[in-house]
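Reminder, nothing fancy here: chain letters follow the sequence lines and each chain counts from 1.
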Amino acid sequence: MEYNHKDIESRWQNYWRDNKVYKTALDTTRPKFYVLDMFPYPSGAGLHVGHPLGYIASDIYSRYKRLRGFNVLHPMGYDAYGLPAEQYAIQTGQHPEKTTTDNIARYRQQLDRIGFCYDWDREVRTCDPKFYKWTQWAFMKMVESYYDTELDKAQPISKLVEHFEKEGSKGIHAACSEELDFTADEWKAMSEKEKSDTLMNYRIAYLGNTMVNWCPQLGTVLANDEVSEGLSIRGGYPVEQKLMYQWCLRVSAYAQRLLDGLNDLDWTDSLKETQRNWIGRSEGAEMRFPIVGSDIELEIFTTRADTVFGVTFMVMAPESEYVDKVTTPEQRKAVDEYLESIKHKTERERMIDKKVSGVFTGSYAVNPLTGKEIPIWISDYVLAGYGTGAIMAVPAHDSRDYAFARHFDLPIVPLIEGCDVSEESFEAKSGKMINSASADFSLNGLEVPEAIAATKKYIAEKGIGKVKVNYRLRDAIFSRQRYWGEPFPVYYKDGIPHLMDESSLPLLLPEVDKYLPTETGEPPLGRAKNWVTPEGYPIELNTMPGFAGSSAYYLRYMDPDNNEALVSKEADEYWRNVDLYIGGTEHATGHLIYSRFWNKFLYDLGYVVEPEPFKKLINQGMIQGRTNFVYRIKDTNTFVSLGLKDQYDTTPIRVDVNRVSNDVLDLDAFRAWRPEFKDAEFILEDGKYVCGWAVEKMSKSMFNVVNPDDIVERYGADTLRLYEMFLGPIEQSKPWDTNGIDGVNRFIKKLWGLYYKGDQCFVDDSKPSAEALKAVHKLIKKVTGDIETFSYNTSVAAFMICVNELSSLKCHSREVLEPLVIVLAPFAPHVAEELWHTALGHDTTVNDAKWPEWNEEYLKENTANYAVSFNGKARFTIQVPADMPKDEVEKLALSHESSAKWLEGKSVKKIIVVPNKIVNIVVG
RNA sequence: GCUCGAAUGGUGGAAUGGUAGACACGAAGGACUUAAAAUCCUUUGGUCAUUGCGACCGUGCGGGUUCAAGUCCCGCUUCGAGCACCA
């Protein structure tokens, strides 16, 4: 029997499927282990060779854990709502559901060919009503909750209502959009609409008038993580800031818990750091500056409380609500003109344009420490959304304030001894304070950190301000003006939003004639007929964003068919949370934040038992494309090989990588590729056409997409799996390079040759030699250690070494060949399964085998090699019996004939013997 | 600007502070073959030496700790990632 990957792989894939070999059930007698891949968005392009990288890694780990006796949950599903399907629908009129279903079918086919051990009975699709019922359900729970800042958890909104009834807003501790102040009587006197609006200020999912990222080209709002440098991540269209009435999630209330939770997670430092940056905690002080001739106080946030004595002016954001209140009649015209000029700029223009601009309001504030009057300005370098939307300007110690002061000729007061502010600001947080004293308070002579602490204490005592922590993390905007997403279970009665009854879930996505906004600018759901409740009230027209469906999907896999709960108590208590999560870094500030938030919310309400969803997380690197080039001599149809191209004037042209093998162009395939190359001529080197190459993003337009199907067809899934792991550490990004895959394929054939030659099976029950036992036990030890640390590339190398040793030893003993198959099974399951059954004669599947333990006895050496070195420079090697005591090794090393010349005229100061490694003789 | 990470042959990459370059690709030479493919064997960091041995230099750069540094410490350079008018 020759190794025939097509026959072996299709046979076993069918067997696994028909016998539901990978079906997982809740089994409290066995320890659980939950291994999860980030589920893919099923795009029209299908899988390329980069996608399976993480899936293979998690598959290996799942199979390994299973062989170790764990009950492994390893599911897969689809993040099926998304913009591409909707845009395709707009262009073609094809229902997004149709394209999505087709794409999923294609993905499934591609995934199946690689031989993954998913339990497909647990598949979820975010666009499936059975699934999105629970997305809508969680949203409703968020609407019905507020965040108690004292208990530090979500609470039912009814508790807050009770409090309002009794004491109004006095003494509440609830996260809110803005501080409100009302009495119980005022609350009771509110209209239904006013009450609704008031409660929106506290709900965890709330309707709010907020600055949103509006993308006109996409026709929808976007969350902060969907925007980068003022452009939409999808499509790269400009994004503007716009005040809109939108559903939001009060993620900011969870900022501190999201930050603290990171400490206990087994994630990479860089990913945790990314999340910490995104949450952006900064400790400082909030201070009030009274405005001259008014009872308004301007509130600011600063991390540099020590610099208050250097505040020479104040600046507020153009969008600040105080702008109107402090602008004097004389300055009104100038201010209006300035606001108008800002309004026309997009967010991106504002970011790029670093020119200093601003306008004086005409009003003055009082510096609470110096008592001096300072002017209040407006400038767009102050952001409305962060802190209080106003700042105290310290030009001597902040570069932005410095630039502003210089431009408008405002005073600059240095506060740190010896600093030079004639050219630029001094921003270092060190040095001794100067110029910082009033009648009853002085910071002079203190170091900066001491001064910060002293000022915080002082302002708190004086009632001027208080210590405050600010976060960069904003609430997530939860509405999208799109069709292809979850509808909100919300209807409007007299303009007041109401939740639908829980029993009416899921609220099904309605049919529409077109997937575009309506003529009046309403979202696509505005086209739906009868989009009203049975009572005739209109239903919300927005849909939920992509992250809604992906925030709790890992919980649904635990209990996918449950129609009574997101996940049953029993299933949740058994599976708990994800032990190992594998996916890309691109979700660091999106999905991985939202999911943690969502989980913490459900945890607060008692629906889940674990406060964190993903215990350990591995980020697989991106597989980049490796583009091949051919070089056409200008104005001809002649192509010159890489090594000779410098002799001609050439144009590099990207060539389909599938027509190139090991950088050598297949000439006929190239001629057949496109009509214009039909008559191409070639200048070869050594009879070959060698292509150039470059690393680029893997994409159709670069002609560098490699489809896993082609690799599986040619070499088999086992070769693909081993090769992807062999490329390098999984965390690392690397270009896909088909060069080298032959080496892995050769390994599998060589392995096969240990068991079979022609039709003859070699496996016998003979006693293996010590060398053979050693080879395989070394392998077991190495692979066991490697799997736990995800060093799969060195495991593959270990397999190669072991098989090479066994074939040169001509070892065919079952005692050696059986454990070899078991440890190989996670990596190359098809060939392992085949050998397990046919060559080794088992009738169970290799998945039910027991992971072998290595025996240290077999690994013992009977001789030990020592490198003998003098002052750290290795000079020669000695071989001694393994159990020779240290002092004898020393003696032997010193008496070796080669030692004489190193010892000549010198004395031995010290001898260091590292077992099996080195004898270092220190001479001097 | 702040934060984090990385840098090792022609290439991808190995190395608990202990003989750097495992394993693989590529390349060169050889065996088998009419020939090619496939397969197998040998060589492959550099320089010099070489029908014997060898010798010296080598992990981005400059210092340091150590008997011993790719690995630890300090200071740079370059590349990558995250955040960024965030006060």
Gap separating the CG atom of A/Leu415 from the CZ atom of A/Arg304, nearest 0.5 angstrom: 8.5 Å
Charged N-O contact under 4.0 Å between A/Lys782 and A/Asp786: yes
Distance between C1' atoms of B/U59 and B/C72 (Å, rounded): 16 Å
Rounded distance in Å - CG (A/Asp401) to P (B/C86): 10 Å
Salt-bridge contact A/Glu856-A/Lys781 (side-chain N to carboxylate O under 4.0 Å): yes
Pairwise P distance, B/C23 and B/A35 [rounded to whole Å]: 32 Å
Which residue lies more 5' along RNA chain B, comparing A/Lys749 with A/Thr303 via nearest heavy atoms: A/Lys749
Length of the line joining A/Arg304:CZ and B/C86:P, which is rounded to integer Å: 14 Å
Protein-nucleic acid N or O pairs under 3.5 Å, nucleotides 21-30 of chain B:
from  : atom 1 : to       : atom 2 : distance (Å)
B/C25 : OP1    : A/Arg746 : NE     : 3.3
B/C25 : OP1    : A/Arg746 : NH2    : 2.5
B/G26 : OP1    : A/Asn662 : ND2    : 3.2

Check: A/Tyr792/A/Glu724 side-chain N/O donor and acceptor closer than 3.5 Å: no
Side-chain N,O (A/Tyr386) to OP1/OP2 (B/A87) below 4.0 Å: yes
Salt-bridge criterion met for A/Glu805 and A/Lys774 (N-O under 4.0 Å): no
Nearest-angstrom distance from the residue atom CG of A/Leu473 to C1' of B/A84: 16 Å
Sugar-phosphate only, base, or nothing, as touched by A/Thr585 at under 4.0 Å among non-hydrogen atoms: nothing
Anti or syn - B/G9, cut at 90° from 0: syn
Watson-Crick or G-U counterpart of B/A55, or none if no pair lies under 3.5 Å: B/U47
Protein-nucleotide distance (A/Asp380, atom CG; B/C86, atom P), rounded to Å: 13 Å
B/U65 and B/C73, which share atom name P, separated by this distance in whole Å: 15 Å
Nearest-Å distance for atom pair CG/P, residues A/Asn871 and B/G18: 19 Å
B/U51 to B/G58 separation - C1' atoms, rounded to the nearest Å: 29 Å
Nucleotide opposite B/U65 in a Watson-Crick or G-U pair, distances under 3.5 Å: none
Qualifying residues under side-chain contact (heavy atoms from CB on, under 4.5 Å), relative to A/Asp269, sequence neighbours excluded: none
Sugar-phosphate, base or nothing in reach of A/Arg474, heavy atoms under 4.0 Å: base
Spacing of A/Gln624 atom CD relative to B/A81 atom C1', expressed in whole Å: 13 Å
Distance-only donor-acceptor check, side chains A/Ser357 and A/Tyr338, under 3.5 Å: yes
Between B/U77 and B/G62 - C1' atom distance, rounded Å: 11 Å
Rounded distance in Å - OH (A/Tyr792) to P (B/A14): 15 Å
Over-ring placement of A/Arg596 relative to A/Trp278, 6.0 Å and 45° cut-offs: no
Under-4.0 Å side-chain N/O to phosphate OP1/OP2 contact, A/Arg472 with B/A84: yes
Atom P, compared across B/C57 and B/C2: separation rounded to whole Å: 40 Å
Same-atom distance (C1') from B/C32 to B/A69, integer angstrom: 49 Å
Strand partner of B/U33, provided both Watson-Crick or wobble distances fall under 3.5 Å: none
Whole-Å C1' distance, B/A49 and B/G60: 30 Å
Derivation of the side-chain contact (heavy atoms from CB on, under 4.5 Å) call for A/Arg472 and A/Ile279: CA-CA 5 Å; A/Arg472 206 190 68 93; A/Ile279 295 167; over 6 Å; no
Donor-acceptor pair, side chain of A/Asn793 and main chain of A/Leu727, under 3.5 angstrom: no
Touch class at under 4.0 angstrom, heavy-atom based, for A/Pro735 against every strand present: nothing
Proximal nucleotide (of B/U19, B/G13, B/C85) relative to the A/Lys734 side chain: B/G13
Sugar-phosphate, base or nothing in reach of A/Leu727, heavy atoms under 4.0 Å: sugar-phosphate
Who pairs with B/C76 - Watson-Crick or G-U, where each distance is under 3.5 Å: B/G60
Residue-phosphate contact under 4.0 Å: A/Gln275 side-chain N/O, B/G82 OP1/OP2: no
Sugar-phosphate, base or nothing in reach of A/Asp737, heavy atoms under 4.0 Å: nothing
Length of the CZ-P vector between A/Phe870 and B/U19, whole Å: 17 Å
Centroid-centroid under 6.0 Å between A/Tyr381 and A/Phe404 rings: yes
Base-pairing assignment for B/G21 (Watson-Crick or G-U wobble, both under 3.5 Å): none
Partner nucleotide, any strand, of B/U42 [Watson-Crick/G-U, under 3.5 Å]: B/A28
Position toward the 5' end of RNA chain B (nearest nucleotide), A/Ile918 or A/Thr388: A/Ile918
Parallel, tilted or perpendicular: rings of A/Tyr723 and A/Trp736 (30°, 60°): perpendicular
Out of B/G18, B/A84, B/C86, whichever nucleotide has its closest atom nearest the side chain of A/Trp278: B/A84
Using atom names, set out every protein N or O paired with an N or O of nucleotides 1-9 of chain B below 3.5 Å, distance rounded to 0.1 Å.
from : atom 1 : to       : atom 2 : distance (Å)
B/U3 : O2'    : A/Glu273 : OE2    : 2.9

Base-pairing mate for B/U16 - Watson-Crick or G-U, with both contacts under 3.5 Å: none
Distance, nearest 0.5 Å, that separates CD1 of A/Ile730 from CG of A/Asn619: 9.5 Å
